[in-house]
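A quick write-up on the structure given underneath.
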Amino acid sequence: EDPIGALPSTLAAALDTSLAMPPRTHYFHGTRASEPECFLREGLRPLGQVLDFLWRELAALVPELSEQEFRSLRAELTAGRIGPHTYNHRVDDDLHHGPCGHLLRDVFVHPDSYSSVDYLAGAEIVIDICQAIQERTGIDATARYRQATTPCIVEFSVPTSHFQQALAAALWYLAAGLRRERTMNGNWSYCADGEPLPPQAIVTVLSSQDLRAEGLEER
């Protein structure tokens, strides 16, 4: 048996009990937003449904570029004629459309410990666009984006799937925490495969103020 996935059944045997699958599992989505409360109204949407909005949001932050220049930049990025070339890969690959989440909120607080992207610093697709703007114009669009937005963590609830893997990740996280450590074995994620998560699925949204109150670092 997979030594990482074996932890739940091994622990259940040691405790002389059986595993009970919950009907729903909570995950966390880290990002930045100008209005974090919008997720309570709109839920979490896949990339294809928010991409136009992201371009409009960034265009408003860089008034030096005309609408035509932004359309041209987007066309070249989408076609892969300019970098970052991760942009067109994310747009073309359904696996990147999400919406996604991590089982552990700790992943967003200590991304390096889990070999994860620092999502509180900005969504990957947004940073791709900002880098393209800077390479073409010299304007630090990333700094403007971070100044105009605040980091937030969206907690959402979905029907339980891949129960054994999620439980194994949670148990590895607890075991490492007892040793005051972190482990990559706790990094389990969820993807909605391009389907939106409705507002009813959103449990809570932690904004910048909430993160500071809990002693979490703002990036």
Side-chain angles (χ1 to χ4, degrees), residues 1-33 36 39-40 44 86 90 93 95-127 142 146 149-193 197 201-219:
E1 188 175 3
D2 170 22
I4 296 175
L7 184 54
S9 58
T10 302
L11 181 59
L15 297 176
D16 192 24
T17 188
S18 58
L19 303 177
M21 185 176 77
R24 302 183 69 85
T25 303
H26 288 215
Y27 289 89
F28 300 91
H29 175 84
T31 187
R32 298 184 73 92
F39 299 109
L40 295 172
L44 286 167
T86 46
R90 301 187 210 282
D93 187 353
L95 293 176
H96 288 90
H97 283 199
C100 298
H102 282 286
L103 183 68
L104 302 182
R105 192 178 70 173
D106 197 49
V107 170
F108 301 107
V109 184
H110 303 283
D112 292 343
S113 297
Y114 297 95
S115 295
S116 176
V117 173
D118 186 357
Y119 292 104
L120 297 186
E124 294 170 289
I125 196 79
V126 172
I127 300 303
T142 301
R146 289 175 178 162
T149 57
T150 182
C152 55
I153 298 177
V154 184
E155 181 182 356
F156 62 92
S157 170
V158 292
T160 296
S161 61
H162 301 92
F163 170 60
Q164 289 283 348
Q165 294 91 330
L167 179 59
L171 292 175
W172 277 103
Y173 168 71
L174 291 173
L178 291 172
R179 300 189 299 272
R180 298 185 181 276
E181 298 173 355
R182 294 184 175 87
T183 173
M184 279 289 298
N185 296 342
N187 192 5
W188 178 254
S189 60
Y190 168 86
C191 181
D193 297 325
L197 294 171
I202 307 303
V203 177
T204 187
V205 178
L206 292 176
S207 65
S208 177
Q209 182 177 354
D210 300 318
L211 296 176
R212 285 196 297 269
E214 293 196 15
L216 306 181
E217 294 180 1
E218 177 182 346
R219 279 176 284 276

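Predicted, not measured: the structure shown is a model, and the values here were computed from it.
Phe39 is listed as a side-chain neighbour of Thr31, based on a closest heavy-atom distance under 4.5 Å. With contacts defined as side-chain heavy-atom distances shorter than 4.5 Å, the pair Tyr114/Asp106 qualifies. The shortest distance between side-chain heavy atoms of Arg105 and Ile153 falls below 4.5 Å. Considering only heavy atoms from C-beta on, Val109 stays 4.5 Å or farther from Leu120 through its side chain.
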Side chain to side chain contact (heavy atoms under 4.5 Å, CB included), that's the test. Do His162 and Thr25 meet it? Break it down for me. CA-CA 10 Å; His162 301 92; Thr25 303; over 6 Å; no

For Glu155 and Leu206, what are the C-alpha separation, side-chain angles and deciding distance, and is it a side chain to side chain contact (heavy atoms under 4.5 Å, CB included)? CA-CA 8 Å; Glu155 181 182 356; Leu206 292 176; over 6 Å; no

From CA spacing to verdict: side chain to side chain contact (heavy atoms under 4.5 Å, CB included), Ile127, Arg146: CA-CA 10 Å; Ile127 300 303; Arg146 289 175 178 162; 4.0 Å; yes

Go through the steps for Thr86 and Glu124 under the test side chain to side chain contact (heavy atoms under 4.5 Å, CB included), then give the verdict. CA-CA 9 Å; Thr86 46; Glu124 294 170 289; over 6 Å; no

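For an aromatic pair to be called close, the ring centres must be under 6.0 Å apart, and His29 with Phe156 fails this.
Residues Tyr27 and Ser161 approach most closely at OH-O, 4.5 Å, considering heavy atoms. Across all their heavy atoms, Ser207 and Cys152 have their closest contact at CA-CB, 4.2 Å.
Arg182 contributes no side-chain N or O that, together with a main-chain N or O of Ser113, makes up a donor-acceptor pair within less than 3.5 Å.
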